Amino acid sequence: MEKWQKEFWEMMETVADEVERFVLGMTEMVDSFFELTEELSEQVQDAIASEVDQYLQDLTEPILEVYWELEDIIIDDVILDSGFPYPVEPSSERNAACIGCRHYHGQVYGGELLVCGMHPYGWNDENCPDWEQDEL
């Protein structure tokens with residue numbers, strides 16, 4: 001082989017080695033860059049998630065407090081309808097015939113008290129014909 005051909009192949013090998021080192025260096029830099037951006041994105045995501053969580057908590061907390069306070073308001077012995085059923089116990093003033101009856105339901109739905117299946121609005125006097133002892 002002639003001298004110039006030998007020098008040419010040595011130069012090509014040198015160029016190939018340098019290109020390989022350059023590509024490996026770039027690969028390492030890109031990998032480092034992706035690791036860094038992944039860490040940064042996780043930190044940003046955690047920060048945003050905690051901020052959004054705190055914002056939603058700050059937003060809903062006053063609304064829930066008002067809701068729970070409204071549930072406790074009593075006007076003229078009638079609880080404001082909260083939209084959810086709630087129990088009402090029979091008393092000597094209201095539904096006296098139902099005290100101790102096993103059929104008494106006593107739940108308020110949409111502002112209306114359902115006393116029992118036989119007498120949805122209750123019985124007028126103290127002696128209901130369908131009264132049965134509540135079994136405990």
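Note: hydrogens, waters and symmetry copies are ignored here, and every other heavy atom, side chains too, is used. Model, not experiment: these values are computed from the prediction.
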Under 4.5 Å side-chain linkage, directly or through intermediates, the cluster mates of Ile99:
none

Over all atoms of both residues, closest heavy-atom pair of Val115 and Cys98
CG1-SG, 3.5 Å

Less than 4.5 Å apart, any side-chain heavy atom of Phe22 and any of Met26?
yes

Shortest non-hydrogen contact between Glu126 and Ala96, atoms and distance:
CG-CB, 4.2 Å

Can you tell me how far the CG atom of Asp31 sits from the CG atom of Leu36, to the nearest 0.5 Å?
12.5 Å

For the CE atom of Met11 and the CH2 atom of Trp4, what is their distance to the nearest 0.5 Å?
10.5 Å

For Trp123, which residues count as a ring pair (Phe, Tyr, Trp, His ring centres under 6.0 Å) partner, sequence neighbours excluded?
His119

In Å and rounded to the nearest 0.5 Å, what is the CD to OG1 distance from Glu65 to Thr60?
10.0 Å

Give the intermediate values and the outcome of side-chain contact (heavy atoms from CB on, under 4.5 Å) for residues Asn95 and Val88.
CA-CA 10 Å; Asn95 302 313; Val88 175; 5.9 Å; no

ILVMFWY network linking Ile48 to Leu56, side-chain heavy atoms under 4.5 angstrom
yes

Would you give the length of the straight line joining atom CD of Gln107 to atom CD of Glu112, rounded to the nearest 0.5 angstrom?
14.0 Å

Return the minimal non-hydrogen interatomic distance between His103 and Met118, and the atom names on each side.
CG-CE, 3.3 Å

Distance-only side-chain donor-acceptor flag, Gln57 / Asp53, under 3.5 Å:
no

Roughly how far apart are Tyr104 OH and Trp131 CH2, rounded to 0.5 Å?
14.5 Å

Please determine whether the number of non-hydrogen atoms from other residues, nucleotides or ligands lying under 6.0 Å from atom CD of Glu42 exceeds 12.
yes

Same cluster (ILVMFWY, side-chain, under 4.5 Å), Phe34 and Leu24
no

Those residues at least two apart in sequence (or on a different chain) that pass ring pair (Phe, Tyr, Trp, His ring centres under 6.0 Å) with His105 are Tyr109

CG of Asp58 to CD of Glu51: how many Å apart, nearest 0.5 Å?
9.5 Å

